[in-house]
Amino acid sequence: MTRWTPAQVAGLAPDAASLTAARRLARPGPWSDTGSTDTLLWGKCQGSGKAPYQVSIDLTGPAFRCSCPSRKFPCKHGLALLLLWVDGAGSVADTAEAAGFAQEWAAERSARAEARVAGEAARPTRTPDPAAAARRLEERLALMDGGMDDFARWLTDLVRSGTASARQQSYAWWDGTAARLVDAQLPGLADDVRSVGGAVSGRADWAERLLVALGRWWTATRAWAARESLDEHQMGDLRAYLGWSTSTESVRRRDAVTDRWLVLGAHRTDDGRLQQQRTWLRGAATGETVQVLDFAAGGQVLPVARVVGSSLDATLARYPGAAVRRALFVDEPSVADERGRMPSGSTLESARSVAARAWGLNPWARRVPVVLDDVRVGLDRVVDAEGASVALAEDADVWSLLALTGGGPTQVFGELEESRLRPLTVVVDGEVVGL
């Protein structure tokens with residue numbers, strides 16, 4: 001397997017502290033019994049205890065195991081071993097056979113996967129009660145109807161009072177509206193209201209943000225009232241925005257496509273209640289870009305991020321939607337040997353036109369994936385060769401961008417959100433590097 005780049009390893013770190021600690025350990029001194037095959041990487045790292053920590057990594061996932069007590073995933077030892085392997089200075093040699101502890105872990109993972117597949121196949125199929133299902137649906141729709149009607153009245157009152165009055169409202173006013181939406185089983189819309197309430201209270205561009213949100217909210221109320229006339233994909237986008245989930249089993253049974261998918265970029269968020277990981281994939285044959293979403297709440301841990309720039313042979317099932325579609329893996333993908341290349345991009349003007357068309361099809365899409373060619377990164381914006389510019393998102397990793405590009409022209413993949421861009425990936429010396 002082609003060895004990764006340090007930037008790709010950095011993209012797997014759960015936080016900056018773990019990466020800093022890993023870099024201190026990424027030297028031969030603490031390590032022994034290291035080695036790698038095409039699919040496995042292993043080693044022992046001497047910690048503060050008598051026995052060294054045993055570290056095993058499945059490179060095809062990637063997946064990690066370490067005998068240390070850390071609850072971070074991957075831990076600093078796994079990241080450090082990857083960095084040592086990436087260095088290629090001979091500290092981690094290629095061998096024909098893995099160490100015993102690494103083989104045992106790989107065998108256990110394989111056995112669990114086979115047992116899971118066998119268990120799913122043997123699980124008896126429960127016949128749903130159509131009458132009970134219809135009753136639950138009717139009750140939910142009644143709740144949602146009432147919630148949307150109440151929200152439409154709240155919107156009307158807000159506009160009649162003038163948007164300037166919203167600036168004077170306390171956060172409790174926004175939170176109370178969001179709580180009523182949650183009670184009406186509209187959690188996605190509730191999250192949006194809370195987010196906009198925070199922006200109105202604390203952002204200089206609050207008026208623009210609120211005006212855009214009002215249009216988005218009113219469109220949702222009108223679309224819900226006319227939902228009987230929406231097609232499957234339009235209804236899928238509306239359901240996703242309102243927070244009415246679609247079961248993964250129903251998605252797996254339809255609209256699947258097999259392709260070689262380039263991992264374009266990934267981004268993690270944490271609002272204190274829920275962690276989300278977005279992974280953007282582009283099909284080599286289809287040319288389609290989709291997002292795979294992972295969530296973790298409470299003490300749960302997000303899956304290890306896919307390696308940016310890698311290629312995955314996989315079948316993806318797509319959720320109903322007209323634009324900026326979500327997908328899920330039907331089966332665990334296999335990592336192709338070849339490294340992916342960034343697809344050709346466009347100017348900012350063309351990217352904005354693509355985004356406008358996407359928002360025309362799906363007005364509730366919060367972000368649109370774009371690839372920009374020949375752009376330069378500044379402290380607060382990205383400028384293309386024609387002189388057009390776009391402001392960077394507030395959480396953009398500006399210093400990493402400047403360090404990687406040196407202010408020179410490069411290709412950038414990112415998420416266009418309203419009037420801002422969040423860069424996720426750049427091309428450095430022909431390599432696709434995640435931020």
Side-chain angles (χ1 to χ4, degrees), residues 120 123-159 173-197 213-256 271 273-274 276 291-298 300 317-328 330 359 361-366:
E120 291 175 355
R123 185 182 300 126
T125 303
R126 293 190 303 172
T127 303
D129 182 348
R135 184 170 60 253
R136 288 193 298 270
L137 177 61
E138 183 180 358
E139 291 171 353
R140 171 157 195 160
L141 289 175
L143 273 174
M144 295 176 73
D145 282 339
M148 292 299 278
D149 289 344
D150 177 69
F151 186 62
R153 287 190 293 270
W154 179 83
L155 275 176
T156 302
D157 291 342
L158 191 159
V159 173
W173 183 72
W174 298 94
D175 194 53
T177 300
R180 292 196 300 275
L181 291 170
V182 171
D183 291 341
Q185 298 194 19
L186 297 161
L189 182 55
D191 285 344
D192 196 15
V193 169
R194 287 194 178 100
S195 175
V196 173
L214 290 173
R216 184 167 63 241
W217 294 340
W218 188 253
T219 302
T221 64
R222 297 305 88 200
W224 179 258
R227 63 182 181 275
E228 298 297 334
S229 64
L230 302 181
D231 63 30
E232 177 190 19
H233 295 299
Q234 292 170 331
M235 190 62 191
D237 287 330
L238 179 59
R239 282 182 60 145
Y241 174 63
L242 298 179
W244 185 3
S245 62
T246 302
S247 72
T248 57
E249 286 307 312
S250 67
V251 174
R252 290 177 189 275
R253 290 194 295 265
R254 60 184 179 185
D255 201 15
D271 63 6
R273 296 179 298 110
L274 183 71
Q276 182 193 92
Q291 58 178 328
V292 175
L293 300 181
D294 295 298
F295 301 94
Q300 295 178 321
R318 295 168 292 191
Y319 284 74
V324 194
R325 296 185 70 177
R326 179 185 173 188
L328 58 81
V330 175
W359 284 321
L361 294 171
N362 178 8
W364 307 291
R366 304 307 304 272

Visitor: For G147 versus L181, what's the shortest heavy-atom pair and its separation?
Guide: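 Closest approach of G147 to L181, heavy atoms only: O-CD2, 4.2 Å.
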Visitor: Is R222 close enough and on-axis enough to W224, meaning under 6.0 Å and within 45°, for cation-pi?
Guide: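 Relative to the ring axis of W224, which defines the angle, R222 lies outside at least one limit.
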Visitor: Minimum heavy-atom separation for W359 to A365, with atom names?
Guide: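 The pair with the smallest heavy-atom distance is NE1-O, 2.8 Å.
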Visitor: With rounding to the nearest 0.5 Å, note down the distance linking OG in S250 to OH in Y319.
Guide: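 The distance works out to 8.0 Å.
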Visitor: Going by heavy atoms in the side chains, are F151 and V193 under 4.5 Å from each other?
Guide: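 Result yes, sub-4.5 Å side-chain heavy-atom pair found.
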Visitor: Work out which heavy atom in L361 is nearest to a heavy atom in A323; give both atom names and the distance.
Guide: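 Looking at all heavy atoms of both residues, the closest pair is CB-CB, 3.9 Å.
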Visitor: Please check this pair: side chain of E139 against backbone of R136, looking for a donor-acceptor N/O pair closer than 3.5 Å.
Guide: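 The answer is no, because no donor-acceptor pair under 3.5 Å joins these two groups.
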Visitor: Just so I know, are the side chains of R318 and V251 near enough to count as touching, which here means a heavy-atom distance under 4.5 Å?
Guide: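 In short, these two side chains do not touch, never coming nearer than 4.5 Å.
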Visitor: If the condition is side-chain hydrogen bond (donor to acceptor under 3.5 Å, both in side chains), which residues does R227 pass it with, not counting sequence neighbours?
Guide: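 side-chain hydrogen bond (donor to acceptor under 3.5 Å, both in side chains) list for R227, sorted by chain: D145.
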Visitor: Nearest 0.5 Å, please: how far is CG in L242 from CG in L189?
Guide: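 Separation between the atoms: 6.0 Å.
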Visitor: CG of D237 to CG of N362: how many Å apart, nearest 0.5 Å?
Guide: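 If we round to the nearest 0.5 Å, D237:CG and N362:CG are 3.5 Å apart.
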Visitor: Taking the side chain as every heavy atom from C-beta outward, state whether L328 and V292 have any pair of such atoms under 4.5 Å apart.
Guide: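 In short, these two side chains do not touch, never coming nearer than 4.5 Å.
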Visitor: Does anything in residues 184-197 form a side-chain hydrogen bond (donor to acceptor under 3.5 Å, both in side chains)? List the pairs, not counting sequence neighbours.
Guide: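 Applying side-chain hydrogen bond (donor to acceptor under 3.5 Å, both in side chains) to every pair that reaches into residues 184-197, excluding sequence neighbours, yields R140-Q185, D175-R194, D191-R273, D192-R216, D192-W217, D192-Y241, D192-R366.
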Visitor: Salt bridge or not for R254 and E232, using N-O below 4.0 Å?
Guide: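 Yes, R254 and E232 are salt-bridged.
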Visitor: So, for A178 and A190, which heavy atoms are closest and what is the spacing to 0.1 Å?
Guide: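 Looking at all heavy atoms of both residues, the closest pair is O-CB, 3.4 Å.
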Visitor: Apply side chain to side chain contact (heavy atoms under 4.5 Å, CB included) to the pair T221 and W154, showing each step before the final yes or no.
Guide: CA-CA 11 Å; T221 64; W154 179 83; over 6 Å; no
Visitor: Nearest 0.5 Å, what's the CZ-NE2 distance between R325 and H233?
Guide: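 Output value for this atom pair is 5.0 Å.
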Visitor: In Å and rounded to the nearest 0.5 Å, what is the CE to CG distance from M235 to L238?
Guide: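 It comes to 5.5 Å.
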Visitor: Measuring from L293:CG to Q276:CD, what's the distance to the nearest 0.5 Å?
Guide: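 The CG atom of L293 sits 5.0 Å away from the CD atom of Q276.
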